[in-house]
Amino acid sequence: MPESSARVRSAKIPGWIGTLSILAGSVLLWRDSQAEYLLYSGGTEPQPVDTFSIGPSLLQVSGELLLALGFGALCLSLGLILARRMLKSRKHTLTTRIIWLAGLLVLAGGTGLLIWDAVQVKSFGWFAYAPLDNSTFSPAPWVTGTQILGKLLSALGLGAIGLGFGLHAGARSRSADS
């Protein structure tokens with residue numbers, strides 16, 4: 001009985017880590033969404049006239065990484081749980097390898113989309129005039145469809161890799177117990 005409770009605990013640990021990572025990532029992304037953007041063309045850094053850059057903040061990058069890693073950890077936990085219920089066979093080994101390969105390909109595709117989107121030139125324009133209002137212009141974050149698809153594919157790829165590792169580790173620990 002102690003061996004089975006140790007296996008249950010081994011599946012719960014990545015589950016809790018994944019849940020806490022997703023929670024922490026969500027809090028960081030929420031906090032980042034509360035920040036105001038101040039657009040101006042002047043500053044201490046030399047830039048061409050009428051240009052500025054807005055990139056992802058450190059909170060946004062950290063939050064997105066925590067969400068992705070949390071999702072991968074939850075899938076690892078799911079793989080550990082499912083591996084206990086599957087029979088050890090050649091088909092199981094082939095399925096695990098297919099899941100790993102698919103996860104790597106989807107992760108590479110999502111990362112490639114994110115890199116491709118980051119190097120694209122983005123242009124926009126507006127006209128705003130409020131001299132007596134003394135207000136600041138707070139634009140919505142610029143998110144493209146390519147960024148959304150790239151982030152979703154990257155998360156699915158990490159999830160598939162985590163599931164594959166969980167299936168492999170769970171099957172190995174079950175065969176060692178037999």
Side-chain angles (χ1 to χ4, degrees), residues 11 13-82 94-126 128 136-170:
I13 291 171
W16 281 110
I17 290 172
T19 302
L20 291 175
S21 295
I22 288 174
L23 183 63
S26 300
V27 167
L28 288 178
L29 287 176
W30 172 81
R31 177 66 186 111
D32 183 59
S33 72
Q34 303 301 310
E36 289 187 20
Y37 293 97
L38 179 62
L39 302 181
Y40 61 94
S41 61
T44 58
E45 299 175 4
Q47 293 181 345
V49 177
D50 294 333
T51 61
F52 55 88
S53 64
I54 294 179
S57 68
L58 183 61
L59 282 178
Q60 180 182 354
V61 172
S62 320
E64 290 173 353
L65 283 175
L66 280 172
L67 282 176
L69 293 176
F71 183 69
L74 283 178
C75 289
L76 173 67
S77 178
L78 177 66
L80 288 169
I81 291 168
L82 289 177
L94 181 63
T95 303
T96 303
R97 289 184 182 162
I98 289 172
I99 290 173
W100 278 353
L101 181 62
L104 285 173
L105 290 175
V106 171
L107 178 63
T111 305
L113 277 176
L114 288 172
I115 292 170
W116 179 81
D117 187 65
V119 298
Q120 298 301 308
V121 175
K122 297 173 181 80
S123 62
F124 59 94
W126 74 84
T136 58
F137 173 65
S138 298
W142 298 314
V143 179
T144 63
T146 309
Q147 284 178 337
I148 293 170
L149 183 62
K151 290 175 184 179
L152 284 174
L153 287 176
S154 296
L156 286 174
L158 282 173
I161 291 169
L163 180 67
F165 277 125
L167 287 172
H168 182 70

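What you see below is based on every heavy atom in this structure, not just the backbone, and it leaves out hydrogens, waters and symmetry mates.
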By side-chain contact (heavy atoms from CB on, under 4.5 Å) - contacts of Arg97 (at least two apart) = Thr93
Residues in ring pair (Phe, Tyr, Trp, His ring centres under 6.0 Å) with Phe165, at least two apart?
-> Trp100
Taking distance alone, no hydrogens or angles, what donor-acceptor pairs closer than 3.5 Å link side-chain atoms of residues 149-161 to residues at least two apart or in another chain?
from: Lys151; atom 1: NZ; to: Glu64; atom 2: OE1; distance (Å): 3.4
from: Lys151; atom 1: NZ; to: Glu64; atom 2: OE2; distance (Å): 2.7
from: Ser154; atom 1: OG; to: Thr111; atom 2: N; distance (Å): 3.4
from: Ser154; atom 1: OG; to: Gly150; atom 2: O; distance (Å): 2.9

Quick one: side-chain contact (heavy atoms from CB on, under 4.5 Å) partners of Val27, sequence neighbours excluded?
-> none
If you take all heavy atoms of Ala24 and Leu66, which pair is closest and at what distance?
-> CB-CD1, 4.0 Å
Between Gly15 and Ser77, what is the shortest heavy-atom contact and its length?
-> N-CB, 3.6 Å
Rounding to 0.5 Å, atoms SG (Cys75) and CG (Leu80) come to a distance of 11.5 Å
Sequence neighbours left out, what passes side-chain contact (heavy atoms from CB on, under 4.5 Å) with Thr19? Give chain and number order.
-> Leu74
For Trp30, the side-chain contact (heavy atoms from CB on, under 4.5 Å) test, sequence neighbours excluded, returns Ser33, Gln34
Correct closest heavy-atom pair for Asp117 and Gln147 would be OD2-CG, 2.8 Å
Calculate, to the nearest 0.5 Å, the distance between atoms CG and OG1 belonging to Leu82 and Thr95 respectively.
-> 11.5 Å
Between CD1 of Ile22 and CG of Leu69, what distance do you get to the nearest 0.5 Å?
-> 10.0 Å
Shortest non-hydrogen pair, His168 vs Thr96, comes out as CB-CG2, 3.9 Å
